[in-house]
Amino acid sequence: MTQPQKSQPQSTDRIIIFDTTLRDGEQSPGVALNHSQKLEIAHQLARLGVDVIEAGFPIASPGDLEGVSRIAREVRGPIITGLARAGKADIEAAARAVEAAGKPRIHTFIATSPIHMAKKLNLEPDAVVERAVQAVTLARSFVDDVEFSAEDATRSDWDFLSRIFKATVEAGATTINVPDTVGYTTPDEMRKLFAFLKAELPAHVILSSHCHDDLGMAVANSIAAAEGGARQIECTINGIGERAGNASLEEIVMAFHTRADHYGYTTGIQTRELYRSSRMISRLSGMPVQPNKAIVGDNAFAHESGIHQDGVIKARETYEIMNAELVGREAAVLVMGKHSGRAAFRKALTDLGYADMPDDKVQHLFGRFKDLADRKGQIFSDDLRALVDSRSDVPQTFSLEGFQITSGMNMTPVAFVRLQTPDGPIDATAHGDGPVEAAFGAINKITGLSPTLESYRIQAVTQGGDALGEVSVSARHGETLLHGLGVATDVVEASARAWIRIQNMIVAGMGAERRQGEFAPGRI
Ligand SMILES: CC(=O)SCCNC(=O)CCNC(=O)[C@H](O)C(C)(C)COP(=O)(O)OP(=O)(O)OC[C@H]1O[C@@H](n2cnc3c(N)ncnc32)[C@H](O)[C@@H]1OP(=O)(O)O
Ligand SMILES: CC(C)C(=O)C(=O)O
Ligand SMILES: [Mg+2]
């Protein structure tokens with residue numbers, strides 16, 4: 001049998017991780033971080049182990065300058081840099097902002113593509129080179145560590161890039177950044193461009209990539225840049241940034257980590273801080289992470305289908321190339337739904353405390369689980385408990401005969417409920433903060449029981465105006481935890497049915513203390 005050839009690591013080099021979440025990331029439409037949020041993020045980036053924090057664009061506003069200054073004063077470990085156009089005021093502002101840093105850097109840039117030079121800057125190429133050299137020279141008068149970027153480099157003439165980079169290195173730039181400003185390049189092109197620049201520039205210069213995701217290739221292009229010779233990669237947490245965003249830090253780092261056999265690169269990132277960093281950025285930026293986002297998305301370590309779940313239960317590595325704990329997340333989750341199989345169903349029951357359930361019972365319940373999953377998609381822990389609790393028929397001591405709710409704006413909801421009981425039909429009326437609470441109160445009056453509500457969840461199980469609502473209720477009666485499901489087109493009726501079911505279980509002495517192995521809704 002032919003085996004895939006084992007890759008040989010291409011390099012053992014250390015890649016410098018330059019985080020620009022606080023500068024390019026903040027250029028995401030709608031994102032504006034205040035000083036304390038920026039500082040909180042910068043401290044987390046330091047814990048994460050990034051090498052460089054681009055903390056802002058100091059000339060942009062007095063607030064941005066102060067934000068960068070605070071980070072420079074208070075965050076130790078990474079290099080702190082601020083962005084500056086190729087102009088005196090920008091560079092002086094950046095110099096002021098980073099002066100208190102333990103390791104300060106000034107990052108200056110100017111565009112080099114024909115369209116940017118002609119249409120945006122209105123400058124001839126010679127003048128652009130002159131401005132770039134002046135900017136780097138001025139920056140070097142403040143700090144030893146100066147980065148120069150050729151904006152829109154990937155749409156620039158390669159010989160012109162070589163010329164401006166040589167001139168800026170001569171003027172004192174120590175890092176040369178080659179941005180794919182508009183996300184236009186391809187991995188192959190990027191690899192060749194970096195190989196070309198590496199051959200053109202002195203060996204001590206650190207080549208850097210800065211990729212945008214307009215064509216969804218920012219991570220691939222960054223990795224290709226490394227293959228061509230880049231030793232610094234600019235990226236952001238969750239890939240946030242201008243337009244479609246920047247290359248995602250967590251994806252690049254985990255690609256290097258997981259495929260160390262192939263790339264051989266190392267980084268200083270503490271991978272166990274990745275998930276925490278992602279959650280923090282999402283919370284403070286207000287930008288949710290898409291569920292299927294690699295590494296940090298909700299589904300990145302979730303298994304939905306029976307064959308995969310069975311494989312993961314037998315050996316995690318069958319369907320996982322990374323360990324969730326390695327990126328700071330909880331272990332893999334099995335999501336129960338219509339694609340789940342018996343192995344996952346059995347495991348879910350075991351996790352909920354039903355390890356001793358005989359096989360024939362599990363088999364019977366599995367059929368009912370599939371029916372339920374067909375109707376409602378994802379199955380939550382409460383649904384499973386309700387399914388288990390309904391395995392033996394609950395005696396119908398009480399059943400719903402009818403109800404009426406009066407509710408409206410600025411009035412207290414009142415419920416009238418009629419139950420069939422062993423003593424014949426009984427009516428009761430109660431009020432509550434909402435119609436469901438009023439209905440529960442009326443039912444309690446009739447049954448004489450008052451279990452404590454622990455959780456209440458409602459979900460539409462069909463679509464359209466006449467959708468069925470499914471109410472799942474958990475309640476505690478003494479030490480016993482009980483679960484009831486009710487389905488109806490009217491949500492109050494579905495709620496009442498679930499509540500009556502719980503009361504019938506109490507009367508029948510059913511339910512159990514089954515907290516062991518509790519899992520989050522929808523996740524096992
Ligand atoms: C690819 C990138 O991500 S670059 C970074 C982008 N980030 C930002 O722009 C965020 C912060 N920006 C700002 O707050 C403002 O744009 C400022 C403060 C920088 C400038 O504001 P203004 O002075 O009002 O200028 P405005 O933004 O309208 O236009 C930019 C000017 O800078 C010039 N410029 C653009 N890039 C550079 C550069 N690298 N070096 C020198 N000049 C430049 C433009 O040609 C234009 O000049 P002009 O006014 O003479 O035509
Ligand atoms: C300023 C530079 C580095 C940039 O953000 C870009 O070109 O995308
Ligand atoms: Mg950018």
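Owing to the predicted nature of the structure, the values given are computational and were not obtained by experimental measurement. Sequence positions, counted from 1, serve as the residue numbers for this chain. When a ligand or atom number is given, it counts from 1 through the structure's own listing order.
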Ligand 1 to E151, heavy atom cutoff 4.0 Å, flagged ligand atoms 1 (C)
Here the vertex angle at the Mg ion (ligand 3) for OD2 of D24 and NE2 of H212, given to 10°, is 100°
| query | Does the protein put a heavy atom under 4.0 Å from atom 46 (C) of ligand 1? | reply | no
Can you tell me if K38 uses its side chain to pair, donor with acceptor, with the backbone of A55 under 3.5 Å?
yes
Backbone or side-chain N or O of I59 under 3.5 Å from ligand 1 N or O = no
Closest to atom 2 (C) of ligand 2 (heavy atoms only, candidates R85, E234, R23) is R23
Contact region, R23 to ligand 1, non-hydrogen atoms below 4.0 Å, reads side chain
For atom 28 (O) of ligand 1, is the nearest protein heavy atom under 4.0 Å away?
no
Q.
With heavy-atom distances below 4.5 Å as the criterion, would you say the side chains of Y456 and S474 are in contact?
A. no
dist T168:OG1 -> N177:CG (nearest 0.5 Å) comes out at 11.0 Å
Contact region, T181 to ligand 2, non-hydrogen atoms below 4.0 Å, reads both
Is any side-chain heavy atom of H43 closer than 4.5 Å to one of V75? yes
Quick look: T20 vs ligand 2, heavy-atom contacts under 4.0 Å, and the answer is neither
_Tell me whether T267 contacts the main-chain N or O of I15 through its side chain, where contact means a donor paired with an acceptor under 3.5 Å._
no
For the residue pair T185 / N221, report whether a side-chain donor-acceptor contact shorter than 3.5 Å exists. no
- Query: Got H210 and D24 here, is their nearest side-chain heavy-atom distance under 4.5 Å?
  - Reply: yes
So F380 and S472, do their side chains get closer than 4.5 Å, heavy atoms only?
no
- Message: When you measure from atom 40 (N) of ligand 1 to the protein, is at least one non-hydrogen atom found at a distance under 4.0 Å?
- Response: yes
Does R329 make a cation-pi contact with F301, if we ask for NZ or CZ under 6.0 Å from the ring centre and within 45° of the axis? no
Q) Are side-chain heavy atoms of N246 and C235 found at a separation under 4.5 Å? A) no
Margin query: Yes or no, since that's all I need: does a protein heavy atom fall within a distance strictly under 4.0 Å of atom 3 (O) of ligand 1?
Written below: yes
Logged contact type for E242 with ligand 2, heavy-atom cut-off 4.0 Å, is neither
In this structure, CZ of F18 is separated from OG1 of T175 (nearest 0.5 Å) by 8.5 Å
- Query: Side-chain contact, heavy-atom cut-off 4.5 Å: F196 with L201?
  - Reply: no
Short N/O distance, under 3.5 Å, between E242 and ligand 1?
-> no
closest protein heavy atom to atom 4 (C) of ligand 2 is H210 NE2, 3.3 Å
Quick check: R85 and ligand 1, any N/O pair under 3.5 Å apart? yes
Do any nitrogen or oxygen atoms of D152 lie less than 3.5 angstrom from nitrogen or oxygen atoms of ligand 2?
-> no
The answer for which part of F109 has a heavy atom under 4.0 Å from ligand 1 is both
So the atoms of ligand 1 within less than 4.0 Å of a heavy atom of K120 turn out to be 45 (O)
Under 4.0 Å from one or more heavy atoms of N177, ligand 2 contributes atoms 3 (C)
A student checking ligand 1 against T181 at a 4.0 Å heavy-atom cut-off should list atoms 1 (C)
I'd like to know whether R47 forms a side chain to side chain donor-acceptor pair (under 3.5 Å) with Q44, so could you lay out the CA-CA distance, the side-chain angles of the two residues, the decisive distance to 0.1 Å, and finally the verdict. CA-CA 5 Å; R47 268 192 297 276; Q44 178 57 26; 2.9 Å; yes
Under 4.0 Å from one or more heavy atoms of E151, ligand 2 contributes atoms 7 (O)
- prompt: Under a 4.0 Å N-O cut-off, is there an ion pair linking D188 with K192?
  reply: yes
the protein heavy atom lying closest to atom 9 (O) of ligand 1 turns out to be F57 CE1, 4.0 Å
**Prompt:** Would a 4.0 Å cut-off, counted as strictly less than, catch a protein heavy atom around atom 24 (O) of ligand 1?
**Reply:** no
| request: Please confirm whether L83 comes within less than 3.5 Å of ligand 1 when only nitrogen or oxygen atoms on both sides are compared. | output: no
- Under 4.0 Å from atom 51 (O) of ligand 1, is there any protein heavy atom? no
Rounded to the nearest 0.5 Å, the CD1 atom of I71 sits from the OG1 atom of T81 at a distance of 11.5 Å
### Message
Under the criterion side chain to side chain donor-acceptor pair (under 3.5 Å), I'd like the reasoning laid out for S278 against K293: C-alpha separation, chi angles, the key distance, then a yes or no.
### Response
CA-CA 11 Å; S278 164; K293 164 90 175 59; over 6 Å; no
Ligand 2 to H212, heavy atom cutoff 4.0 Å, flagged ligand atoms 8 (O)
| atom 15 (C) of ligand 1 protein-contacted (non-hydrogen atom, under 4.0 angstrom) | no
What about H107: any of its N or O atoms under 3.5 Å from an N or O on ligand 2? no
Q) Taking both backbone and side-chain atoms of Q27, is any N or O found less than 3.5 Å from an N or O belonging to ligand 1? A) yes
Strictly under 4.0 Å, does any heavy atom of Q27 approach an atom of ligand 2?
no
**Q.** Test item: Q378 and E304 side chains (from C-beta on) under 4.5 Å apart, heavy atoms
**A.** no
